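What you are looking at is a predicted structure, and each value in this text was computed from that prediction instead of being measured. Convention: sequence-line order gives letters A, B, ...; per-chain numbering from 1.
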Amino acid sequence: MPSLQPVRGTHDILPEEILRHRHVEQTAMDVASLYGFAEIETPIFEFTEVFARTLGDTSDVVTKEMYTFEDRGGERLTLRPENTAGVARAFISNGLSQRLPLKLCYRGPMFRYERPQKGRLREFHQVGVELFGVEQAVADVEVIALAAQFLDSLGLRGRVRCELNTLGDMESRQAYRDRLVSYLMDFRDRLSEDSRERLERNPLRILDSKDEGDRGIIEGAPAMADSLTDAARKFFDDLRDGLNRIGIDFRLNDRLVRGLDYYCHTVFEFVTNDLGAQGTVLAGGRYDGLVSQMGGPKTPGVGWAAGVERLGMLVENAPAAPRPICIVPFGSAMTADALALVQQLRQKGYAADLGYSGNLAKRLKRANKMNARAAVIMGEDEMARGAVTLRDMDSGNQTEIPLDDLIDRLSAFR
RNA sequence: GUGGGAAUAGCUCAGCUGGUUAGAGCACCGGAUUGUGGAUCCGGGGGUCGUGGGUUCAAGUCCCAUUUCCCACCCCA
């Protein structure tokens with residue numbers, strides 16, 4: 001029996017649900033293309049190094065959440081836990097630094113070995129964008145504007161808010177890290193166990209702690225803003241000015257940090273209160289060091305990723321499947337004619353279906369269940385006259401029309 | 001990885017302190033209606049009560065283990 005249930009943290013996406021899934025993905029791709037982003041698809045697995053080196057040796061994603069295995073050739077491979085590293089790798093592999101600035105977007109499954117929860121799966125889907133080669137803050141503005149427009153297009157305006165922070169450049173970040181650690185060291189014994197652990201691995205994350213005791217200590221902690229270099233401060237000013245100029249709402253949150261090592265300067269999250277603890281629906285930032293760290297030419301970058309399942313849970317009106325025209329042959333002699341007709345309609349671009357068996361009532365019932373827009377009844381009586389009955393399934397009105405007129409008349413039910 | 005809750009029909013759930021053949025609503029199928037769907041009425045199929053052990057004359061109910069889901073931590077999209 002255990003073998004018949006899907007692997008923990010995975011699930012089947014049934015037809016009704018996949019409509020919403022596709023809606024989220026397609027909206028992302030459509031809006032991204034308005035901003036000049038072109039879709040790229042990278043492999044679902046990469047050499048483990050691609051992720052291990054870029055995400056940070058101490059990040060949880062690398063240390064305990066990757067699906068890593070050895071293939072038959074003895075290569076160490078990993079199912080991608082996110083796609084920025086893969087896209088950066090593709091950027092280098094394909095020599096795309098010749099085409100800067102470069103805007104790429106993607107969609108697809110990601111894999112993390114985590115304890116499942118609502119909005120947190122082991123196989124999940126993301127859509128995302130990456131912009132390479134622009135070092136000015138205007139790139140960050142555009143990328144955030146794209147995120148906002150994408151979420152608006154899904155009808156989520158008002159249900160998500162944008163939170164923004166800066167980590168500064170490498171220099172600022174290091175200086176801040178040192179100041180923060182020395183401040184926190186004084187309270188070491190009063191910190192939660194988790195945070196004492198973080199003190200070594202990723203002290204910035206302590207800012208994000210939910211522990212009551214930690215929060216009190218954090219209140220007195222030095223602020224990132226005071227450690228920014230002039231250049232980093234200017235960058236952040238430019239970013240905020242740009243967002244204000246085009247009317248993108250955001251809220252500064254100096255506790256906002258990212259878990260992955262490659263971020264610098266801009267970090268942002270779009271969050272909702274409607275999904276419990278997994279409220280982050282889209283997040284990203286700037287990663288100027290990533291490409292060079294992987295061995296490529298020094299290339300700045302900025303991007304984000306969004307969780308398709310999480311967004312799917314928020315989206316209220318996903319588009320429905322197209323309503324078919326249902327062919328209802330009546331009497332066995334009509335079946336061959338019905339088959340020919342349904343085929344003809346499909347080739348003309350109509351969603352069309354056949355009632356396979358049963359009496360007229362049963363076939364109409366089935367047509368109703370298929371949410372058919374109209375039914376074409378092919379009974380012996382009217383067929384003898386070279387006619388069919390066209391029934392509007394919404395109003396219940398029906399008329400007998402010559403078979404030759406059918407295609408024309410159907411255009412009303414497009 | 002840590003802590004807590006849950007698992008009974010396809011779905012949502014009842015099933016009291018253990019006691020004959022485990023129920024309801026919705027859904028599904030059939031009939032009333034062999035040329036007219038959505039409504040109504042009538043009938044029907046469906047369950048190794050997540051799985052494996054144990055206690056007991058007797059376990060859906062109690063105990064242990066295990067799997068999965070949910071909530072929170074952690075992490076992140």
Which sits closer to the 5' end of RNA chain B, A:E65 or A:A372, going by the nucleotide each is nearest to? A:A372
Quick one: does A:E82's side chain get under 4.5 Å of A:R112's, heavy atoms only? yes
Nearest-Å distance for atom pair CG/C1', residues A:D60 and B:C74: 7 Å
Candidate nucleotides B:G37, B:U68, B:C74, ranked by approach to the side chain of A:R391 - the nearest: B:G37
Output yes when a side-chain donor or acceptor of A:E309 lies under 3.5 Å from a complementary backbone atom of A:H125, and no otherwise. yes
Specify the separation, in whole Å, of atom CZ of A:R363 and atom P of B:G37. 15 Å
For A:D394, answer base if it contacts any base atom (sugar-phosphate contacts may also be present), sugar-phosphate if it contacts only those atoms, and nothing otherwise; contact means non-hydrogen atoms under 4.0 Å. base
Hey, what's the ring geometry for A:Y67 with A:Y113, parallel, tilted or perpendicular (30° and 60° as the breaks)? perpendicular
Between A:S192 and A:D211, does any side-chain donor sit less than 3.5 Å from a side-chain acceptor? no
In whole Å, I'd like the distance from the NZ atom of A:K210 to the P atom of B:G3. 19 Å
Closest to side chain of A:A361, choosing from B:C74, B:G37, B:G35: B:G37
Between A:Y287 and A:Y262, how do the two ring planes meet: parallel, tilted or perpendicular, split at 30° and 60°? perpendicular
Using a 5.5 Å cut-off between ring centres and planes within 30 degrees, is A:F330 stacked on the base of B:G35? no
Opposite nucleotide pairing with B:C73, Watson-Crick or G-U, both atom distances under 3.5 Å: B:G1
With the side chain defined as heavy atoms from C-beta on, A:D381 is closest, among B:G35, B:U36, B:C75, to B:G35
Under 4.0 Å, heavy atoms only, any strand: does A:L282 hit a base, just the sugar-phosphate, or nothing? sugar-phosphate
Indicate, with a heavy-atom threshold strictly under 4.0 Å, whether A:A367 touches base, sugar-phosphate, or nothing. nothing
According to a strict under-4.0 Å criterion, is A:Q117 in side-chain N/O contact with OP1 or OP2 of B:A72? yes
Presence of salt bridge, A:R205 and A:D60, under 4.0 angstrom: no
What is the distance from CZ of A:R258 to C1' of B:A77, rounded to the nearest Å? 9 Å
Output, in order, the C-alpha distance, side-chain angles, deciding distance and verdict of side chain to side chain contact (heavy atoms under 4.5 Å, CB included) for A:L167 and A:L204. CA-CA 10 Å; A:L167 301 174; A:L204 294 194; 4.2 Å; yes
Round to the nearest Å and state the distance from A:R366 atom CZ to B:U36 atom P. 16 Å
Please state whether the base of B:C74 and the side chain of A:R120 form at least one donor-acceptor pair under 3.5 Å? yes
Heavy-atom nearest nucleotide on RNA chain B for A:Q398 versus A:Y113: which residue maps closer to 5'? A:Y113
Give one of base, sugar-phosphate or nothing for A:D211, where a contact means two heavy atoms less than 4.0 Å apart. nothing
Once you apply a heavy-atom cut-off of 4.0 Å, does A:E269 come out as touching a base, just sugar-phosphate, or nothing? nothing
Touch check for A:G312, heavy atoms < 4.0 angstrom, all strands: base, sugar-phosphate only, or nothing? nothing
Could you tell me the Watson-Crick or G-U partner of B:A32, where both distances fall under 3.5 Å? Say none if there is no partner. B:U40
B:C62 - base-pair partner by Watson-Crick or wobble geometry, distances under 3.5 Å: B:G54
Could you tell me how far B:G3 sits from B:C26 if I compare only their C1' atoms? Round to whole Å. 36 Å
If pairing means Watson-Crick or G-U wobble with both distances under 3.5 Å, then the partner of B:A24 is B:U12
Between the base of B:U67 and the side chain of A:R8, is there any donor-acceptor pair under 3.5 Å? no
Base of B:G35 paired with side chain of A:E382 (donor-acceptor, under 3.5 Å): yes
Who is the Watson-Crick or G-U wobble partner of B:G18, with both distances under 3.5 Å? none
How long is the line joining NZ of A:K365 and P of B:U40, in whole Å? 11 Å
Rounded P spacing from B:G45 to B:C63 in Å: 35 Å
Identify the nucleotide, in any strand shown, that forms a Watson-Crick or G-U wobble pair with B:U68, with both distances under 3.5 Å; if there is none, say none. B:A6
To the nearest angstrom, the CD-P distance between A:E193 and B:G3 comes to 12 Å
Would you indicate what A:G128 reaches in the nucleic acid, counting non-hydrogen atoms under 4.0 angstrom: base, sugar-phosphate, or nothing? nothing
Whole-angstrom distance between B:A32 and B:C49, as gauged at atom C1': 36 Å
Answer yes or no: does atom CZ of A:R346 have more than 12 heavy-atom neighbours from other residues, nucleotides or ligands under 6.0 Å? yes
Less than 4.0 angstrom between a side-chain N/O of A:K369 and OP1 or OP2 of B:C28, yes or no? yes
Considering only heavy atoms and no angle criterion, is a donor-acceptor pair shorter than 3.5 Å present between the side chain of A:R115 and the base of B:C69? no
Side chain of A:K362 - closest among B:C75, B:G30, B:A72: B:G30
For a quick check of understanding: with a heavy-atom distance under 4.0 Å over all strands, which category does A:M393 fall into, base, sugar-phosphate or nothing? base
Work out how far the C1' atom of B:A22 is from that of B:U48, and round it to whole angstrom. 13 Å
Extract from the structure each pairing of a protein N or O with an N or O of nucleotides 6-8 of chain B at less than 3.5 Å, listing the distance.
none

Between B:G10 and B:G4 - C1' atom distance, rounded Å: 30 Å
Looking at A:R188 and A:E200, does any basic side-chain N land under 4.0 Å from a carboxylate oxygen? yes
Pick base, sugar-phosphate or nothing for A:G284, based on heavy-atom distances below 4.0 Å to the nucleic acid. nothing
Is A:R258 paired with A:E269 through a side-chain N to carboxylate O contact shorter than 4.0 Å? yes
Is A:R373 positioned over the aromatic face of A:F413, cation under 6.0 angstrom from the ring centre and no more than 45 degrees off axis? no
Length of the line joining A:I377:CD1 and B:U34:P, which is rounded to integer Å: 16 Å
